[in-house]
Amino acid sequence: MIAAIRGTRDILPGEVERWQRVEATARRVFERYGYAELRTPIIEREELFAKGTGATTDIVQKEMYAFTDKGGERVTLRPEATPSLVRAFVEHSLEQHMAVPKLYLMGPMFRYERPQKGRYRQFHQLDVEVFGVSDPAIDAEVVDLAWTLVSELGIEQVELHINSVGCPTCRPAFGEALVKALGEDVHKLCGDCQRRATTNPLRIFDCKVPADQPIIDALPHSVDYLCEACRTHFEAVERHLTAFGIPFRVSHRLVRGLDYYTRTTFEILSGSIGAQNAILGGGRYDGLVKQLGGPDRVGIGFAAGIERL
């Protein structure tokens, strides 16, 4: 017998109906908030994710299914949706055709990592993106959309965590503070974190090695190093969420695992699915569109794992 590849799985009758319910609920909620569906190829140029997701991220360095095709071009199976949606937004000049480009996507993603409960090598995501709106009210609206999705799916025991990772103006000072605070303790961290300390110190917060956690817990907090503009933005997001009646807590370790995030980051966690407890997450990425060759437009969005939902 030829079995399915490790880290992939068949969705059989009896289970597929649950997937259909999640997808139908998501479409209903997304379209109620004014989002239009867009579908992108699952195969893209490798440089799209090296530039977009970030060359120092674990996704690009360790997990992408990247290879040279028969034409000699470096390509990859998409490991996440945001760079693909940004590419489509730029390539098709969608801001010329939509008053506010609000897009969503559903489909498979691919990462070569150790399979475990709630984490597969082929997995599926719902992805939501908004382009061109810098007002902190849109940050809160995107979070409200995510909260509504979880609520309408009937998922209980959930928590919203938010943070601000600042911008290119204030983030360098935070990075320097992290390295200074680590001092000689950097040599006590795992090999990945020792590398991150020199390439991208914020990535240290992504570490899951148990022995590293006491050192990481003692590190400075990004919100204490925000410039005035970023602090004002984050405080406004908090006020909007409070006005919406959405409970949240500020999580100082929430930096998300991708290099493009600026200012607001957020996750919704579930207390009922074990250690892999993040069911969706996202944030603002104000420089990504320009970085990928488009106009200087801001953006914000989130992705939700369908398996975990």
Side-chain angles (χ1 to χ4, degrees), residues 11 16 18-44 48-49 52-53 77-111 122-135 137-155 158 160 244 246 256 258 260-261 264-268 278-286 288-289 292 294 297-309:
I11 305 164
V16 73
R18 296 163 64 192
W19 285 65
Q20 291 168 344
R21 178 184 168 230
V22 169
E23 293 162 355
T25 301
R27 282 194 169 92
R28 184 174 66 250
V29 172
F30 295 164
E31 290 171 9
R32 191 164 77 226
Y33 278 73
Y35 288 75
E37 184 176 6
L38 184 151
R39 304 184 185 189
T40 66
I42 63 171
I43 190 168
E44 297 270 15
L48 176 66
F49 298 98
T53 303
L77 301 179
R78 63 184 182 195
E80 56 143 340
T82 299
S84 290
L85 281 168
V86 170
R87 177 198 53 72
F89 168 74
V90 173
E91 185 172 343
H92 301 287
S93 303
L94 292 182
E95 68 176 346
Q96 304 299 322
H97 308 287
M98 306 175 74
V100 177
K102 302 171 78 172
L103 305 169
Y104 75 90
L105 176 150
M106 301 182 183
M109 312 293 158
F110 304 83
R111 296 183 194 176
Q122 176 179 312
F123 58 101
H124 300 75
Q125 284 187 341
L126 310 171
D127 194 88
V128 163
E129 312 292 349
V130 185
F131 298 104
V133 183
S134 58
D135 193 306
I138 198 69
D139 301 35
E141 182 192 286
V142 169
V143 173
D144 181 55
L145 168 58
W147 193 255
T148 300
L149 172 64
V150 170
S151 176
E152 295 205 5
L153 286 171
I155 300 173
V158 294
L160 169 64
F244 287 165
I246 301 176
R256 303 288 297 156
L258 309 171
Y260 50 64
Y261 283 115
T264 308
T265 57
F266 67 93
E267 288 184 343
I268 294 180
I279 55 176
L280 65 80
R284 181 169 281 281
Y285 47 87
D286 287 352
L288 183 59
V289 176
L292 292 180
R297 300 291 183 269
V298 299
I300 183 171
F302 71 83
I306 298 180
E307 283 84 354
R308 297 188 193 181
L309 289 176

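From a predicted model like this one, the values you see are computed outputs, not experimental measurements. No hydrogens, no waters, no symmetry mates; every other heavy atom, side chains included, goes into these values.
With Arg78 contributing its side chain and Pro108 its backbone, the two residues share a donor-acceptor pair below 3.5 Å.
In this structure, CZ in Arg308 is found 10.5 Å from CG in Leu280, a value given to the nearest 0.5 Å. Atoms CG and CG, from Leu105 and Leu85 in turn, are 5.0 Å apart once rounded to the nearest 0.5 Å. To the nearest 0.5 Å, the span separating CD on Glu37 from CG on Leu103 amounts to 10.5 Å. Expressed to the nearest 0.5 Å, how far CG of Asp144 lies from OG of Ser151 amounts to 10.0 Å. If you take CG on Asp139 and OG on Ser134, they are separated by 9.0 Å, rounding to the nearest 0.5 Å.
A donor and an acceptor atom, one from each side chain of Thr25 and Glu152, are nowhere located under 3.5 Å apart.
For Glu31, the salt bridge (Lys or Arg N to Asp or Glu O under 4.0 Å) criterion is met by no residue, not counting sequence neighbours. Applying the side chain to side chain donor-acceptor pair (under 3.5 Å) rule to Thr148 yields the partners Tyr33; only residues at least two apart in sequence or on another chain are considered. Residues meeting the side chain to side chain donor-acceptor pair (under 3.5 Å) test with Glu23, sequence neighbours left out: none. Here Phe110 pairs with nothing under the ring pair (Phe, Tyr, Trp, His ring centres under 6.0 Å) rule; sequence neighbours left out. Every salt bridge (Lys or Arg N to Asp or Glu O under 4.0 Å) that Asp286 has, sequence neighbours left out, goes to Arg284. Residues satisfying the salt bridge (Lys or Arg N to Asp or Glu O under 4.0 Å) criterion with Arg21, sequence neighbours excluded, are absent altogether. Remark: Arg18 pairs with no residue by the side chain to side chain donor-acceptor pair (under 3.5 Å) rule, at least two apart or across chains. Among residues two or more places apart in sequence or in another chain, the ring pair (Phe, Tyr, Trp, His ring centres under 6.0 Å) test is passed with Phe302 by none. For Gln20, there are no side chain to side chain donor-acceptor pair (under 3.5 Å) partners two or more places apart in sequence or in a different chain.
With a 4.5 Å cut-off on side-chain heavy atoms, Leu38 and Thr40 count as touching. The shortest side-chain heavy-atom distance between Leu292 and Val90 does not fall under the 4.5 Å cut-off.
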Please tabulate, one pair per line, all N/O donor-acceptor pairs under 3.5 Å involving side-chain atoms of residues 91-99, not counting sequence neighbours.
unit_1 : atom_1 : unit_2 : atom_2 : d
Glu91  : OE1    : Arg87  : NH1    : 2.7
Glu95  : OE1    : Arg297 : NE     : 2.7
Glu95  : OE2    : Arg297 : NH2    : 3.4

Which donor-acceptor pairs under 3.5 Å do side chains of residues 122-133 form with protein atoms, sequence neighbours excluded?
unit_1 : atom_1 : unit_2 : atom_2 : d
His124 : ND1    : Glu307 : OE2    : 2.8
Glu129 : OE1    : Tyr285 : OH     : 2.5
Glu129 : OE2    : Thr82  : OG1    : 2.7

Worksheet entry | CA sep, side-chain torsions, deciding dist, call: Leu149, Leu145, side-chain contact (heavy atoms from CB on, under 4.5 Å) | CA-CA 6 Å; Leu149 172 64; Leu145 168 58; 5.5 Å; no
Practice prompt. In sequence, state the C-alpha distance, the side-chain angles, and the governing distance for Arg27 and Met106, and then conclude on side-chain contact (heavy atoms from CB on, under 4.5 Å).
Written response: CA-CA 9 Å; Arg27 282 194 169 92; Met106 301 182 183; 3.4 Å; yes
Discussion item. The test is side-chain contact (heavy atoms from CB on, under 4.5 Å); show your working for Val142 and Phe266 and say whether it passes.
Written reply: CA-CA 10 Å; Val142 169; Phe266 67 93; 4.0 Å; yes
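Ala304 and Leu309 get closest at one heavy-atom pair: CB-CD1, 3.9 Å. Shortest non-hydrogen contact noted between Glu44 and Pro41 is OE2-O, 4.1 Å. Across Gly283 and Tyr261, no two heavy atoms sit closer than the pair N-CE2, 3.3 Å.
Note on residues 98-108: pairs passing salt bridge (Lys or Arg N to Asp or Glu O under 4.0 Å), not counting sequence neighbours, are Lys102-Glu141.
Centroid-to-centroid, the aromatic rings of Tyr35 and Tyr104 stay 6.0 Å apart or farther.
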